[in-house]
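Below is one structure, written out as structure tokens, with a few remarks after it.
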4 protein chains.
Amino acid sequence: MPTGRPRDPQIDAAVLEAVLGVLDEAGYARLTIEEVARQAGTTKPAVYRRWPTRQHLALAALASRLGDSPVPDTGCTLCDLGEGILVFVAAFRRIRPGVLAALFADCAAVPELRDAFLTTLFEPPRTAVGRMLDRAVDRGDLRADVDRALVLDMLSSLVHHRALFGPAPITDDDVAHAVEALMAGIAVDYPRLLAHSRALSDPHHLHT
Amino acid sequence: MPTGRPRDPQIDAAVLEAVLGVLDEAGYARLTIEEVARQAGTTKPAVYRRWPTRQHLALAALASRLGDSPVPDTGCTLCDLGEGILVFVAAFRRIRPGVLAALFADCAAVPELRDAFLTTLFEPPRTAVGRMLDRAVDRGDLRADVDRALVLDMLSSLVHHRALFGPAPITDDDVAHAVEALMAGIAVDYPRLLAHSRALSDPHHLHT
Amino acid sequence: MPTGRPRDPQIDAAVLEAVLGVLDEAGYARLTIEEVARQAGTTKPAVYRRWPTRQHLALAALASRLGDSPVPDTGCTLCDLGEGILVFVAAFRRIRPGVLAALFADCAAVPELRDAFLTTLFEPPRTAVGRMLDRAVDRGDLRADVDRALVLDMLSSLVHHRALFGPAPITDDDVAHAVEALMAGIAVDYPRLLAHSRALSDPHHLHT
Amino acid sequence: MPTGRPRDPQIDAAVLEAVLGVLDEAGYARLTIEEVARQAGTTKPAVYRRWPTRQHLALAALASRLGDSPVPDTGCTLCDLGEGILVFVAAFRRIRPGVLAALFADCAAVPELRDAFLTTLFEPPRTAVGRMLDRAVDRGDLRADVDRALVLDMLSSLVHHRALFGPAPITDDDVAHAVEALMAGIAVDYPRLLAHSRALSDPHHLHT
DNA sequence: TGCTAAGCGAGACGGTACGTCCCGTCTTAAT
DNA sequence: ATTAAGACGGGACGTACCGTCTCGCTTAGCA
């Protein structure tokens, strides 16, 4: 049972907010405990008591921003995949370019941090899209022998790659094209899927 | 016409070697000019004369490691793509995980560095694979209306993603699967390509 | 009321010791903050926090070596002068030749440092011998009209000169001879002083 | 027989002049080969070809300034000593305070430089005054058993000490007082000397 | 109510690495 | 062979900021 003076919860919130402010305005390289403490109106030891390193701090702050992604389930495999991917594309767009790469690089060497990074920031949308693929297999839209993990990687890596290294984040059209090209290779009956998608969403933007 | 004492080329080599040593053993975060100079048996000013920042230094060192990739051209589209990608997969495998991400994050904000990074480290294999796609279109293996840039992104991002964030670098089998799934969606006559590939390489490892 | 982490007194001592080590073994020209920090097992900022310049550092270290000189007071003017001078001669002998000259040269241009040098290193023995001269006047051993400051300069400059520029530091005999020659010119009754001195100290070494 | 392009003697002169300029205006600590070369309108290698070190350079420059001191010989021991000392006092007054001390400190560790320093800068006036003392002994003005080297040291050290460490260089009156106090202790018949001196120089300034 | 233990703001600490200055040397092309 | 010119290899500089520690005070829960 903890004795002594309890921690001031306002400091927790103020620090996380300050971290997001620094990351958005200056990037991960400028994320110093000293600056965070200053912007949060507190002191370095108060921060260090809560998060042992800059990495933990950044992870906690970014996790608090990227909330749960709603998973669309309309019955249209192509539509769901496209929309589902765009949901987490939108989430990543809210993080300043370079921040994720720098943070990951800083975490890569420490298994605990590496796992925390992946679990916190990369896993949720990946799981969501994975569930869509499962449903597509169940519906008979997708060949059952496809390596779902690989397909997930191909889709998410495209998003991440363009977010991290591209001249610009991926566009909605690019997502649609990519989904279509990939699905054409692994769907049971791609023309039917496409027709279904068009019937549902025309004159929506999500088609070739 | 350059006058004055010429630069000692041994120092150039020793510094680049020291940089690779530090990157391999300790990662980009531990790459300090002071440590590099110490390991190279020289001093900081000698390093600063050659490369103005840590970023330039790391770029030069990594570029010296990733030599030119030979582009296979056997006439078999599937084989060439698979082998060509594996060539630069192998190159990236020689770089400690996290190093590229950290370096890119450090370069992202400065256009000159960002361009240097992409040109030096990402462009060459991308160009090589792009040429393969062009040849495939010329041969009539690939539909002419595909967005080659997007296909390139899908392939290279998969490699990079697994190199950067994956629990392990991508395997040869995964590359083969990915190429096949993707080509199935965008080839003019995929079964013919597959048959050709098998005829050539059976009992090679590069097939489903 | 001082707040913050208190300074580690062991570092103070280690640094001063390291300074004396460098001065003794290599001289003032080799006294660099970096080397001192290295030998003291600490770092440059820790040194700079304590002493702002190399000059302050050297002054502090030398002052810590030259402790207070006890002032003899036996009633014998000749003996006291001779012994009193030898006390600080001995002190200067503990400093490597050239160190004082170089340090002073470095301090000469800055009044604060110049005063600190003189006050710390030259003043104490000078004051002590000055008190002896006062007592000698009080006792009627010395003519009251002599310029005490000039006499002090003649004695101390002899010591310093030989310490700084001589082929060897001044000897005890030289001190005795110099005191006798000078006192012969300014004493009220020199033969009496000499007789008194011999009566006291025979067969001591302090006589012609 | 020297072949090749002959050395430009104007560079020798320009360099020495530049050295004196730097020493007078900035002191020994600021005497760098680079600055000397710049002020002399030449380059560093041209300086290094002529004088191997900064010490040699400073010695040569100062020696070129301190010309031969004329030795007065009027027959009046007190007058000659006083005037003779003032001659080299005047010479030292032309050198910025601290320069000699710093230079000596820099030379002290190398026997060759140390000897060059003493021979070039300190010996000439000392020899001159030494000759005066010899004449005084010959004339019967001075006791033959005095240690001439010690007397020389007492006089010259007084001058040097005040030049180096005093709040002001020694005054003419101080020199007179010091000579008189010292001679009173070692002359054969001091009152006679004093009378002779006054007879010659009254109402000159050189007496008590 | 008084004691104890932990959190708090404040700020100096020990230390790493920085980027720069200027040293004395070396190389080149021309004289 | 010496010259002017200028870049080189290198030692040391003084600084910025890191993450840690110590302080004196404040704030609860336990006795």
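Both backbone and side-chain heavy atoms feed into the values below; hydrogens, waters and symmetry mates do not. Below, chain A is the first sequence line, B the second, and so on; all start at residue 1.
- Residue contacts for B:E34: at a heavy-atom cut-off of 4.0 Å it reaches a base atom on one of the strands shown.
- Spacing between atom CD of A:Q55 and atom C1' of F:dG19 amounts to 12 Å, rounded to whole angstrom units.
- In this entry the distance linking CD of B:Q10 with P of F:dG10 reads 11 Å, nearest Å.
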* Structure fact -> Letter by letter from the 5' end, nucleotides 1-10 of chain E scores (B base, S sugar-phosphate only, - none; protein heavy atoms under 4.0 Å) ----BBBBBB
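- Per the geometry, CZ belonging to B:R38 stands 14 Å off C1' belonging to F:dG11, to the nearest Å.
- In this structure, CZ of C:R54 is placed 7 Å from P of F:dC13, rounded to the nearest angstrom.
- Following rounding to the nearest Å, C:L57 (CG) and F:dA12 (C1') show an atom-to-atom distance of 15 Å.
- Summarising the geometry, the separation between NZ on C:K44 and P on E:dA17 is reported as 13 Å, rounded to the nearest angstrom.
- At least one test fails for B:R96 against the ring of B:Y28: distance under 6.0 Å to the centre or angle within 45° of the axis.
- Once rounded to the nearest 0.5 Å, the distance linking CG of B:L103 with CZ of B:R54 reads 9.5 Å.
- Counting only heavy atoms from C-beta on, D:I33 has its side chain closest to E:dG24 among F:dG14, E:dG19, E:dG24.
- When rounded to the nearest whole Å, the span between CG of D:D106 and C1' of E:dC23 equals 14 Å.
- Checked for salt-bridge contact, B:R65 and B:D24 meet the test: a charged N lies under 4.0 Å from a carboxylate O.
- Here the side chain of B:T119 pairs no donor or acceptor atom with the backbone of B:A116 at under 3.5 angstrom.
- A salt bridge does not link C:D12 to C:R7: none of the charged side-chain nitrogens sits closer than 4.0 Å to a carboxylate oxygen.
- Side-chain polar atoms of B:T53 and B:Q55 form a donor-acceptor pair below 3.5 angstrom.
- At whole-Å resolution of the value, OH in C:Y28 and C1' in F:dA12 are 14 Å apart.
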